[in-house]
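Predicted model only: the values in this text are computed from it and were never measured. Ligands are counted one by one from 1 in listed order, and the atoms in each one are counted from 1 as well.
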Amino acid sequence: MLLAPIVILAKTTVLSPEETEEARDERISWWREARFGMFIHWGLYAIPGGTWKDKVYKEGYSEWIMFDEKIPASEYKELAGKFNPVKFDAQAWVGIAKKAGMKYMVLTTKHHDGFSMFQSGLTPYNVADATPFKRDVTRELVDACRNDSIHFGCYYSIDRDWYRPQGQGNRYKQTNLWDYPDSKQEDYDRYFATFAKPQVEELLSKYQPDLLWFDEIDMKTDAQVKELYQTIRKLRPECVINSRIQGCRFPEKIPPPHCDYITSGDNEILEKNIGFEWENPGSMNTSYGYNPNDHNWISADEIISRLVEIVSKGGNYLLNVGPTPEGLIPQPCIERLAKVGEWMEVNGEAIYGTSASVFGDSAPPSAGNWRCTVKPGKIYLHLLNWPNDGTFELADLQSKVNRAYLLADRKELKVKQTAGGVSISLPAEAPDKIVSVICLEIADPVAKIKASK
Ligand code: JFZ
């Protein structure tokens, strides 16, 4: 009986000329092993929080209020005079992320509204110079992350900046044409060369981020993308870059150029393991920015299920919070993150530093109620529903199982193994009401699975 070797999806990477595959692997290993991070959408849009004059948005991206309400830049910038988040405590935010089991944090240093959440020498329209708060929140968050060994990334929006003229835009048509109806492509080229790219250089030199998280819409020429990429590599060779440096549509070819991993659509969980690093930017309600009127919260259980689903397909989960204008992470987020942290306390080893399922795209559909992550010599089975017949059948595993135990209590589980697979005896009650994890210690570094017909 022919044992089909594990199908390691041919991992192809784009190496910048001087970088070997090993060097790349080493360079992004922190990110790949992290698996779970905190996304932070914070800026002037937190003040209206999805309400403008008499228009109240109960769902949707509150960070888009300037565009959705076609607010003149002269009017929108008045918000800077009201931005004074006196309750902002960077170390407290890092503490909440860390307690949830998150290993990196990405802050919106400039979102589409064009306001800089860092002290920039390129514009006075920034949090330190244009607000009564007069503090550099990016500086404080970077320092807090470093104190707590959390990696830090900068979200930066180039193609959309509604504070500045940027031309007619493109099929997305999402530039500010209500203030600048006659702006032209050369306005964009000048903006890119004299403002946006220099600000990225400023972020790299002032804050040494571990990650740059772009959110582009294909408005740059290939030459402009290449120029930006090479500038980043020159200033901070180790920086990890996401695929939205080009655009937010799923890349035509894998690996995509000029980046280290693919960012899926918002809240989009890829169908299957694509054999290349990817990340899902997820929200806890329907907005990334703060909106007190958006109560469409997903549950902590749903967050854990999504984390397991994403990691079992080789992805990272960058889960968002939208802080208030006072500088607080909303209570519904804190409560959910605390519950996620309790689960990660017990099951984190089945998430951090793991690779995607070896059973083809996360278990044959028939099973449907379990997912898998692996480490050398270990298989983690994430049971989404507890079998009511006291046994868990795992077909096709050919590698010898030396030990089996639940991560919840590490008690040995009885295992019967035949050529057809493995049968694991389970206690009547599931140790965890959301996802219970079984660890199988196997004799092979990489599990051998019987080839499915
Ligand atoms: C973008 C932003 O417009 C939004 O405000 C937020 O920052 C989010 C994380 O990213 O929104 C997108 C980007 C890409 C897709 C959808 C929404 N997409 O590829 O489907």
Side-chain angles (χ1 to χ4, degrees), residues 36-50 52 57 59-71 76 79 102 104-117 138 153-164 166 169-176 196 203 211-220 241-254 256 259 261-271 274 276 278-291 294 296 298 303 306 310 315-323 333:
F36 192 33
M38 177 181 273
F39 210 175
I40 302 175
H41 277 65
W42 198 36
L44 299 183
Y45 41 79
I47 297 171
W52 192 257
Y57 289 84
E59 58 183 29
Y61 294 0
S62 74
E63 69 274 13
W64 274 64
I65 195 79
M66 183 177 177
F67 182 88
D68 296 339
E69 292 298 305
K70 303 295 181 282
I71 305 170
Y76 186 88
L79 291 170
M102 294 163 151
Y104 62 112
M105 180 178 272
V106 179
L107 171 73
T108 51
T109 58
K110 185 174 75 81
H111 202 267
H112 307 330
D113 65 352
F115 183 73
S116 300
M117 289 295 279
T138 298
C154 294
Y155 167 110
Y156 189 85
S157 170
I158 296 181
D159 290 2
R160 294 189 190 102
D161 182 320
W162 302 318
Y163 186 70
R164 300 171 175 88
Q166 297 197 294
N170 59 13
R171 66 179 171 285
Y172 298 88
K173 295 230 171 305
Q174 289 150 347
T175 57
N176 178 345
L203 286 169
L211 166 70
L212 279 176
W213 209 97
F214 291 103
D215 197 11
E216 309 308 296
I217 52 170
D218 304 289
M219 279 174 66
K220 287 182 271 326
I241 304 169
N242 74 330
S243 62
R244 286 192 189 173
I245 188 173
Q246 170 69 47
C248 54
R249 280 163 307 109
F250 198 84
E252 273 123 34
K253 67 185 191 56
I254 295 181
C259 68
Y261 72 87
I262 292 171
T263 298
S264 67
D266 292 2
N267 293 305
E268 178 200 15
I269 298 181
L270 297 187
E271 283 297 306
I274 56 174
F276 189 71
W278 68 282
E279 176 192 62
N280 163 280
S283 59
M284 283 195 217
N285 60 13
T286 71
S287 180
Y288 286 83
Y290 175 65
N291 182 347
D294 181 337
N296 307 285
I298 60 175
I303 291 170
R306 290 184 184 189
I310 292 165
N316 278 32
Y317 191 18
L318 185 66
L319 181 60
N320 185 75
V321 297
C333 300

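Interface atoms of ligand 1 facing Y61, defined by a heavy-atom separation under 4.0 Å, are 4 (C), 5 (O), 11 (O), 17 (C). Atoms of ligand 1 lying under 4.0 Å from any heavy atom of R160, numbered from 1 in the order shown and given with element: 3 (O).
A side-chain donor-acceptor contact under 3.5 Å links Y155 and D215. Side chain to side chain, W64 and Q174 fail the donor-acceptor criterion of an N or O pair below 3.5 Å. Counted by atom type alone, S287 and D294 present zero donor-acceptor pairs between their side chains at under 3.5 Å. Judged by distance alone, the side chains of E69 and Y76 never bring a donor and an acceptor atom under 3.5 Å apart. In summary, the side chains of Y261 and N316 do not present any donor paired with an acceptor at a separation below 3.5 Å, with no hydrogens or angles considered.
Using a 4.0 angstrom heavy-atom cutoff, R249 does not count as in contact with ligand 1. A heavy-atom separation below 4.0 Å is found between Y155 and ligand 1. At a 4.0 Å cut-off, at least one heavy atom of H111 sits close enough to ligand 1 to count as contact.
Counting heavy atoms from C-beta on, the side chains of L270 and F250 come closer than 4.5 Å.
Here the heavy atom of the protein found nearest to atom 19 (O) of ligand 1 is C248 O, 3.1 Å. Looking only at protein heavy atoms, the nearest one to atom 4 (C) of ligand 1 is E63 OE2, 3.3 Å. Of the protein's non-hydrogen atoms, the one nearest atom 3 (O) of ligand 1 is H112 NE2, 2.8 Å. Looking only at protein heavy atoms, the nearest one to atom 11 (O) of ligand 1 is D266 OD2, 3.1 Å. At the top of the distance list for atom 7 (O) of ligand 1, counting protein heavy atoms only, stands H41 NE2, 2.7 Å. Of the protein's non-hydrogen atoms, R244 NH1, 3.2 Å is the one closest to atom 13 (C) of ligand 1.
E63 contributes no side-chain N or O that, together with a main-chain N or O of Y45, makes up a donor-acceptor pair within less than 3.5 Å.
Ligand 1 has an N or O atom lying under 3.5 Å from an N or O atom of W64, backbone or side chain.
D161 pairs in a side chain to side chain contact (heavy atoms under 4.5 Å, CB included) with only one of the listed residues (H112, K110, H111), which is K110.
The residue among D215, I217, T108 with a heavy atom at the shortest distance from atom 10 (O) of ligand 1 is D215. Checking G265, S287, S283 against atom 20 (O) of ligand 1, the nearest heavy atom belongs to G265.
Between the CG atom of D266 and the OH atom of Y288 there is a distance of 3.5 Å, given to the nearest 0.5 Å.
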